[in-house]
**Q** 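One structure follows; several queries about it will come next.
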Amino acid sequence: MRLAERMSRIGVEGAFKVLARARVLEAQGRDIIHLEIGEPDFDTPRHIVEAGKEALEDGFTRYAPTPGLPELRQAIATHVSRTRGIQVGPERVSVVPGGKPMIFFPMLALVEPGDEVIYPDPGFPIYESMINFLGATPVPIPLVEERGFSFDLNVLRDKLSAKTKLLILNSPHNPTGGVIPAGDIRAIAEMVRDRDLMILSDEIYSEIYFDERPLSIAAVPGMLDKTIILDGFSKAYAMTGWRMGYGVMPEWLVEAVTKLMVNSNSCTATFTQRAGIAALTGPQGGMARMVGEFRRRRDAFCAGLNGLAGFRCGTPGGAFYAFPNITGTGWTSEALADALLEKAGVACLSGTSFGKYGEGYLRFSTANSYENLIAAVGRIKNFLAADERR
Ligand SMILES: Cc1ncc(COP(=O)(O)O)c(C=O)c1O
């Protein structure tokens, strides 16, 4: 049986491939430090787990309304209004099974052949995968290391066209940890204000930042009705396996996403939604401790990377990634990522797993213990010292 033609245009995520290879090496007795996967290494806070268990005991085991439980939509509206400095009600909220469906459904609802979609490169690989899957035209914009991995705004201005249907922003950013400065967000809003396009603002790392809270473009006057805020529970509350995310968007788009949900999932699991209410309305101390630990790791790990011959690593403003420039080693990204896995026992990702402009970089996730991160730097140092190419 032949698969539908569109399946030849859909992509996957490099992190899962590298994890599979690392597992094979481990089965052969090798010791691998895992810095490839982008999920917090913390447990879901206890009170959230208890709320999920209680919900099961209390019979929250049936279908929920497709756009989400009313109490959760309200809790999300309150949370997003407070954290973004905007005023939104529950009618603008759509609850879905994870952050990814909030890329999948709005793009399915909006994007078609002939449309152009602008997105960051390097960037989360699902953006490009979905653009190609939908037969639209990918318009990658290279991120600029010297600008903390934000766009060159002149390049963005040049790439905007009458065909631009969607502009994807992601701050804090995967894979670089970059945060788009507030001034850039305002400048981007000015550029697109009078254009007939939507913005997908991927804010899945919204709670994991180390300086000022990143500005959401939805908060710039006049932008709320042009913006889909993507957020969720995976990263902020260490709930990747619970599969719960949400979007805040104009009501006409909530309606479209609801139709797609009716045709695919019916609803997000009901008892996990009850746990989501506990996450947003309960104590936030677990998240604060997690972010504090990510900061401690970032400082030590980036300092370690900067001590390596041929590495140069800026200080990420958010998320839990380091994205060093490795051009000084003489290696290409993919070859170095492979060699570090095979020879040094450190699993990381080539920058090119996130697009062609990721060449010259590696992505390390700091979702591993402080000790393991320091040990990984030691292993890379020994590898580079023994590297005959130098
Ligand atoms: C930038 C970005 N957006 C969205 C997601 C998807 O999150 P979820 O695991 O909740 O589907 C991820 C996960 O790694 C991500 O890095």
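What you see below is based on every heavy atom in this structure, not just the backbone, and it leaves out hydrogens, waters and symmetry mates. Read the numbers this way: they start at 1 and go in the same order the structure lists the ligands and their atoms. All residue numbers in this chain count up from 1 along the given sequence. Since the model is a prediction, treat every value here as computed from it, not as a measurement.
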**Q** Looking at ligand 1, is there an atom of it that comes within less than 4.0 Å of some heavy atom belonging to Tyr205?
**A**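 Heavy atoms of Tyr205 do come under 4.0 Å of ligand 1.
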**Q** If the threshold is 4.0 Å, N to carboxylate O, is there a salt bridge linking Lys343 and Asp387?
**A** no
**Q** Does Thr240 come within less than 4.0 Å of ligand 1, judged by its heavy atoms?
**A**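 It does not, in that no heavy atom of Thr240 comes within the 4.0 Å cut-off of ligand 1.
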**Q** Find all atoms of ligand 1 within a distance of less than 4.0 Å from any non-hydrogen atom belonging to Asn170, and give their numbers and elements.
**A**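 With Asn170 as reference, the close atoms of ligand 1 come out as 1 (C).
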**Q** Looking at Phe354, I'd like to know if the NZ or CZ of Arg363 sits under 6.0 Å from its six-membered ring centre while staying within 45 degrees of the ring's axis.
**A** no
**Q** What protein heavy atom sits nearest atom 1 (C) of ligand 1, and how far off is it?
**A** Asp202 OD2, 3.2 Å
**Q** Can you tell me if Ser350 and Glu334 form a side-chain donor-acceptor pair at under 3.5 Å?
**A**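 Note: Ser350 and Glu334 side chains miss the donor-acceptor criterion.
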**Q** Of all the non-hydrogen atoms in the protein, which one sits nearest to atom 10 (O) of ligand 1, and at what distance?
**A**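 The answer is Ser234 OG, 2.6 Å.
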**Q** Can we call the ring centroids of Phe42 and Tyr237 under 6.0 Å apart?
**A**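 Between Phe42 and Tyr237, the centre distance exceeds or equals 6.0 Å.
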**Q** Closest non-hydrogen protein atom to atom 12 (C) of ligand 1, residue and atom name please, with distance?
**A**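 For atom 12 (C) of ligand 1, the nearest protein heavy atom comes out as Phe124 CZ, 3.4 Å.
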**Q** In terms of atom number and element, which parts of ligand 1 are under 4.0 angstrom from non-hydrogen atoms of Gly99?
**A** 7 (O), 8 (P), 10 (O), 11 (O)
**Q** Tell me whether Tyr127 has any N or O atom under 3.5 angstrom from an N or O of ligand 1.
**A**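 No; every N/O pair is 3.5 Å or more apart.
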**Q** Do the ring planes of Phe311 and Phe364 sit parallel (below 30°), tilted (30 to 60°) or perpendicular (above 60°)?
**A**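 Rings of Phe311 and Phe364: tilted, as their planes differ by 30° to 60°.
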**Q** Between Lys53 and Glu57 (salt bridge meaning N to carboxylate O under 4.0 Å), is one present in this structure?
**A**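 No.
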**Q** Starting from atom 14 (O) of ligand 1, which protein heavy atom do you reach first, and at what distance in Å?
**A**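 For this ligand atom, the closest protein heavy atom is Lys235 NZ, 2.7 Å.
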**Q** State the atoms of ligand 1, each with its element, that fall below the 4.0 Å cut-off from a heavy-atom position in Gly98.
**A** 10 (O), 11 (O)
**Q** Of all the non-hydrogen atoms in the protein, which one sits nearest to atom 9 (O) of ligand 1, and at what distance?
**A** Arg243 NH1, 3.3 Å
**Q** Evaluate the ring planes of Trp331 and Phe383, with Trp represented by its six-membered ring, and classify them as parallel (under 30°), tilted (30 to 60°) or perpendicular (over 60°).
**A** tilted
**Q** Counting neighbours of CZ on Arg213 that are heavy atoms of other residues, nucleotides or ligands and sit closer than 6.0 Å, is the number greater than 12?
**A**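 Atom CZ in Arg213 is packed in, count exceeds 12.
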**Q** Contact between ligand 1 and Met244 is defined here as a heavy atom of the residue under 4.0 Å from a ligand atom; is it met?
**A** no
